[in-house]
Amino acid sequence: MVATTRQEEFLRRFHAERPGVTGETIGRMTGPDGRSSYAMLRDAVPGAAAVLDLGCGDGVLLELLAAEPAGGGRPPGAGGPEPDDGSGAGSRVAGGRVLAGVDLSAESLRAARGRAGVPAGTVLAQGRAQRLPFAGEVFDACVSHMALMLMGDVEEVAAEVARVLVPGGAFACVLGGGAVRGGGDAYERFLPLLAAAVEAQPAGRRVPRLGDPRTRTREGLDAVLRSAGFGPVGWRTVPLRLDGTADEVWATVSGLYDLAPLPARDVAALREAFLAEAAPLADAGGNVPCAMRVHLARAALPTR
């Protein structure tokens, strides 16, 4: 059992019940160039020979990384990741790439192991980002999809990522950016409804505050990562489309953490309120416009 904070325990319980929710919802969204945010993150570390997925969930990103060949990187036989718990050494998968994932949720890791596109040689370890179960300087890149922004003690996380990366190693992450402001689409209309539903709950029933707000801005993340020795943060904000029928959009937005503690009757009332807001937005084919923003951030350690 991994010792966790109250926030981490909430996340672990949530993903025990819905281990594939992030991939099921965000995975279907695409940016202006047709790529998902998972594909954007994969493409942020081209050619990396050994990659750690921090908060890997059910393995969507690991599957994409496995399908891409490694570049030059380190020669075959160079040190790869091996969990400190002795659960097995990392081995090169198709394309010559070494892959590893770490997550709080045993259920999510079980789903990752069962994903057809995640190779058998992938190391999957249960653990905390603040104390990664790997030796130092074993990864060329670390990626994190919609996870860093949920973590506490982010200076410790940054220091741990820096520790397991080789000199010159890259850290790339996708972070939530909220609604596309001023668009008036379904997601922008949904958020005030959700906020009102949450506000009506007793304080003890609400989701605990998750993450550090510094990770949601370029300046804040830059300060956190520079404290661990990283160079300047590159930052790009991308809109993701999640258009669909009103019911399809509801299926996506209802996967947000804030809905988890709501009583069933309140979720039903929120759904009805959302469908009423979304109905006038639908086009002749019944599709409702909906979009959210993500931030793609990347920083690298200096080479020696």
Q: Indicate if Val180 and Leu193 have the same hydrophobic cluster label, given that clusters are the connected sets of ILVMFWY residues with side-chain heavy-atom separations under 4.5 angstrom.
A: no
Q | Any donor-acceptor pair under 3.5 Å from Arg236 side chain to Val294 backbone | A | no
Q: Let me see the working for Glu107 and Arg13 under salt bridge (Lys or Arg N to Asp or Glu O under 4.0 Å), right down to the final yes or no.
A: CA-CA 10 Å; Glu107 290 78 10; Arg13 288 198 310 270; over 6 Å; no
Q: Check the pair Asp222 / Trp235 against side-chain contact (heavy atoms from CB on, under 4.5 Å), numbers first and verdict last.
A: CA-CA 10 Å; Asp222 187 86; Trp235 185 273; over 6 Å; no
Q) Are Glu9 and Arg12 ion-paired here, with the side-chain N under 4.0 Å from a carboxylate O? A) yes
**Q.** Within-4.5 Å side-chain heavy-atom neighbours: Leu124 and Arg110
**A.** no
(Q) Between the side chains of Arg271 and Asp247, is the shortest nitrogen-to-carboxylate-oxygen separation below 4.0 Å, so that they form an ion pair? (A) yes
Q) Relative to each other, are the rings of Tyr187 and Phe190 parallel, tilted or perpendicular (30° and 60° limits)? A) parallel
Q) From Asp212 CG over to Met149 CE, what is the distance, rounded to the nearest 0.5 angstrom? A) 13.0 Å
Q: To the nearest 0.5 Å, tell me how far Leu132 CG sits from Cys142 SG.
A: 7.5 Å
(Q) Within this structure, what is the SG-CG distance for the pair Cys290 and Asp243, rounded to the nearest 0.5 Å? (A) 7.0 Å
Q: Can you spot which of Leu62, Val60, Leu65 makes a side chain to side chain contact (heavy atoms under 4.5 Å, CB included) with Tyr38?
A: Val60
Q: Report yes or no: does Arg226 contribute a side-chain atom to a donor-acceptor pair with the main-chain N or O of Gly231 at less than 3.5 Å?
A: no
Q. Under 3.5 Å, side chain of Ser144 to main-chain N/O of Leu54, donor-acceptor pair present?
A. yes
(Q) With rounding to the nearest 0.5 angstrom, report the CG to CG distance, Leu150 to Leu148. (A) 8.5 Å
Q) Are any of the side-chain heavy atoms of Leu270 and Leu259 separated by less than 4.5 Å? A) yes
(Q) Would you call the rings of Trp250 and Phe274 parallel, tilted or perpendicular, taking 30° and 60° as the class edges? (A) tilted
**Q.** Working for salt bridge (Lys or Arg N to Asp or Glu O under 4.0 Å), residues Arg128 and Glu8
**A.** CA-CA 9 Å; Arg128 302 179 71 232; Glu8 290 167 348; 2.9 Å; yes
**Q.** Expected output: side-chain Arg298 to main-chain Val233 donor-acceptor under 3.5 Å
**A.** no
Q. Given side chains that start at C-beta, do those of Phe230 and Val224 come closer than 4.5 Å, heavy atoms only?
A. no
Q. What's the spacing between Glu137 CD and Leu301 CG if we round to 0.5 Å?
A. 9.0 Å
Q: Would you check if there is a donor-acceptor pair between the side chains of Glu248 and Asn287 at a distance under 3.5 Å?
A: no
Q) Heavy atoms, side chains only, cut-off 4.5 Å: are Asp140 and Val51 in contact? A) no
Q | Glu188 side chain to Gly182 backbone, donor-acceptor under 3.5 Å | A | yes
Q | Worked verdict on Arg28 versus Leu242 for side-chain contact (heavy atoms from CB on, under 4.5 Å) | A | CA-CA 7 Å; Arg28 79 175 187 87; Leu242 51 149; 4.2 Å; yes
**Q.** 4.5 Å side-chain heavy-atom contact, Arg293 and Arg181
**A.** yes
Q: Verify the ring-centre separation between His15 and Phe10: is it less than 6.0 angstrom?
A: no
Q) Given Leu221 and Leu225, is the side-chain contact (heavy atoms from CB on, under 4.5 Å) satisfied, shown in steps? A) CA-CA 6 Å; Leu221 183 60; Leu225 295 185; 4.0 Å; yes
Q: Output yes when a side-chain donor or acceptor of Asp283 lies under 3.5 Å from a complementary backbone atom of Gly286, and no otherwise.
A: yes
Q: Answer yes or no: is there a donor N or O on one side and an acceptor on the other, between the side chain of Glu160 and the main chain of Val157, under 3.5 Å?
A: no
(Q) Using a 3.5 Å distance criterion without hydrogens, assess whether the side chain of Asp58 forms a donor-acceptor pair with backbone atoms of Ser108. (A) no
(Q) I need the minimum non-hydrogen distance between Arg6 and Pro208, along with the two atoms involved. (A) NH1-CB, 3.2 Å
Q. Arg206 side chain to Gln201 main-chain N or O, any donor-acceptor pair under 3.5 Å?
A. yes
Q. So how far is it from Arg163 CZ to Glu156 CD, rounded to the nearest 0.5 Å?
A. 12.0 Å
Q | Main-chain N/O of Gly117 paired to Glu63 side chain as donor or acceptor, under 3.5 Å | A | yes
Q. Can you list the steps and then say if Leu99 with Asp53 is a side-chain contact (heavy atoms from CB on, under 4.5 Å)?
A. CA-CA 8 Å; Leu99 295 176; Asp53 186 353; over 6 Å; no
